[in-house]
2 protein chains.
Amino acid sequence: MGKESSLAPDTAKRRRRKEARPAEIIAAGLAEFADRGFAATKLEDVAARAGVVKGTIYRYFDSKEALFEAALKAQIAPVFDEVLGSLDRFPGSTADLLRLVVPTIYRELFGSGIHVLMRIIIAEGGRFPAIAEFYHRESISRGKAILEAIVRRGVERGEFRSGAAADLPMVVIAPAVMAAVWKMTFDRFEPIAIERFMEAHLDLVLNGLAAR
Amino acid sequence: MGKESSLAPDTAKRRRRKEARPAEIIAAGLAEFADRGFAATKLEDVAARAGVVKGTIYRYFDSKEALFEAALKAQIAPVFDEVLGSLDRFPGSTADLLRLVVPTIYRELFGSGIHVLMRIIIAEGGRFPAIAEFYHRESISRGKAILEAIVRRGVERGEFRSGAAADLPMVVIAPAVMAAVWKMTFDRFEPIAIERFMEAHLDLVLNGLAAR
DNA sequence: GCAGATAATGACTTAGAAGTCATTTACTGC
DNA sequence: GCAGTAAATGACTTCTAAGTCATTATCTGC
């Protein structure tokens, strides 16, 4: 953090921090957008949360919309690519591979800010097609490719049945999506235990794909 | 949709239709709320769509929020109850029962306005907990009960394995939820074929639950 | 320690949408 | 047909939040 040569560590009220501001404003914006939606979010609130004043936001972003798009793009991190390559090298069964990958997805979904992102995409995707398209291209389609590769591996090695489910590997991850949706809608009224849910998910999927 | 017939002798510009207005305004409101969200929806637009003027809305609803709640409550129709009773009487296997019930759910989800409702609940649930709670109580928890009854039947008759998936029957319907979410976010960029998706869904679930 | 340069501020303007209400007009019973 | 009524209107007020900008305070190099 910045420092000052007075008594309290950070007394100056107008610290100039050109480098740090955008990221702080983006983080504040993302949080506000996530639980209010684009239209209901006030830049005044975003500013307050970021520890600045509304006018400051306009030094770094042209408009509310520009901040919105910047915030979402900053959050969409394609971490998938390396996984695809390492699939070939995995030594165990494909069931074990799924037992490794599925919990990773749950951790990503519920540990990081991704389900926050999901809510925004669902809520605002219609009005910001560019964002939905970007997210689809950068994250969703890659995740899908990985799933396809895994299921194909299982079929090729004779571990999984071929059939309708193997042809549309998306269904394999559906319970995780449902859990995320539940978390953001009904969890207050009827909480779900993610750990148990994930076990049920794996139980269903591994048995559903397994060759007889 | 309910528009005025411009040819017919319906020229009067201020028809008084006390009975029909509320339903028309609600329908218009639901449509606008669904693709704009609560905050971004303008009552002026709702009025235009309903063929009235903004002031008229206030004859029937106290506020934008009141209209919103009325619209959602009108759409939440608990059609589940009779199903629960008829489960006992179903003659076939539990797999066949699911092959009957799952397509019904897909038809409900995609044929009627339910996935529209879903989007609103996801987008605005945080700001309108009363609505989310109502929807959960009237629809979700009943659907869940039905699923539980079906899976229990399968286990009791020795058709389904008992295990993690059978203990949390929610996972069984997850792919339908995912399909609905997909429809409202990425379908423009990468359309999914609901029919094929449903087959993959049933394939995965029936095999995943089946006793060995 | 001084003089630019510019990050940050907060008071301001503006736009747009919620909500109000006096007036107009269609319908009703007589 | 007429008078009373209330449904519907549209012009109005009010309020809120986006976006602007002249001023102020902090930082930098000298």
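Each chain gets a letter, A, B and so on, in the order its sequence line appears, and its residues count up from 1.
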Asker: Ring-plane angle category for Phe189(A) and Phe186(A), please: parallel below 30°, perpendicular beyond 60°, tilted otherwise.
Answerer: tilted
Asker: Counting only heavy atoms not in Arg17(B), do more than 12 sit closer than 6.0 Å to its CZ atom?
Answerer: yes
Asker: What residues in residues 38-61 of chain A put a non-hydrogen atom under 4.0 Å from any atom of DNA chain C?
Answerer: Val52(A), Val53(A), Gly55(A), Thr56(A), Arg59(A), Tyr60(A)
Asker: Arg21(A) CZ to dT26(D) C1': how many Å, rounded?
Answerer: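 From Arg21(A) CZ to dT26(D) C1': 11 Å.
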Asker: Per the atom types in the model, does the base of dA6(D) pair as donor or acceptor with the side chain of Arg16(B) at under 3.5 Å?
Answerer: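 Present.
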Asker: Taking 4.0 angstrom as the limit, do Arg152(B) and Glu148(B) come out as a salt bridge?
Answerer: no
Asker: Tell me: NZ of Lys64(A) to C1' of dG19(D), nearest whole Å?
Answerer: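 Distance, rounded to whole Å: 12 Å.
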Asker: Does the ring center of Phe38(B) lie less than 6.0 Å from the ring center of Phe128(B)?
Answerer: yes
Asker: Kindly write out the residues that satisfy salt bridge (Lys or Arg N to Asp or Glu O under 4.0 Å) with Lys73(A), not counting sequence neighbours, or none if the list is empty.
Answerer: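 Salt bridge (Lys or Arg N to Asp or Glu O under 4.0 Å) check on Lys73(A) returns nothing, list empty.
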Asker: Arg14(B) has an atom CZ; how far is it from atom P of dT28(C), in whole Å?
Answerer: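 Taking atom P of dT28(C) as the reference, CZ of Arg14(B) is at 17 Å.
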Asker: Rounded to the nearest Å, what distance is computed from the CZ atom of residue Arg36(A) to the C1' atom of nucleotide dA17(D)?
Answerer: 13 Å
Asker: Among dA26(C), dT24(D), dG19(C), which is the nearest nucleotide to the side chain of Ser63(B)?
Answerer: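 The nucleotide sitting nearest to the side chain is dG19(C).
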Asker: Can you list the residues that meet the side-chain hydrogen bond (donor to acceptor under 3.5 Å, both in side chains) rule with Arg49(A), with sequence neighbours excluded?
Answerer: Glu32(A)
Asker: To the nearest Å, give me how far apart CG (Leu67(B)) and C1' (dG19(C)) are.
Answerer: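 In whole Å, dG19(C) C1' lies 14 Å from Leu67(B) CG.
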Asker: Counting heavy atoms from C-beta on, name the nucleotide in dA18(D), dT24(D), dA7(D) closest to the side chain of Lys18(B).
Answerer: dA7(D)
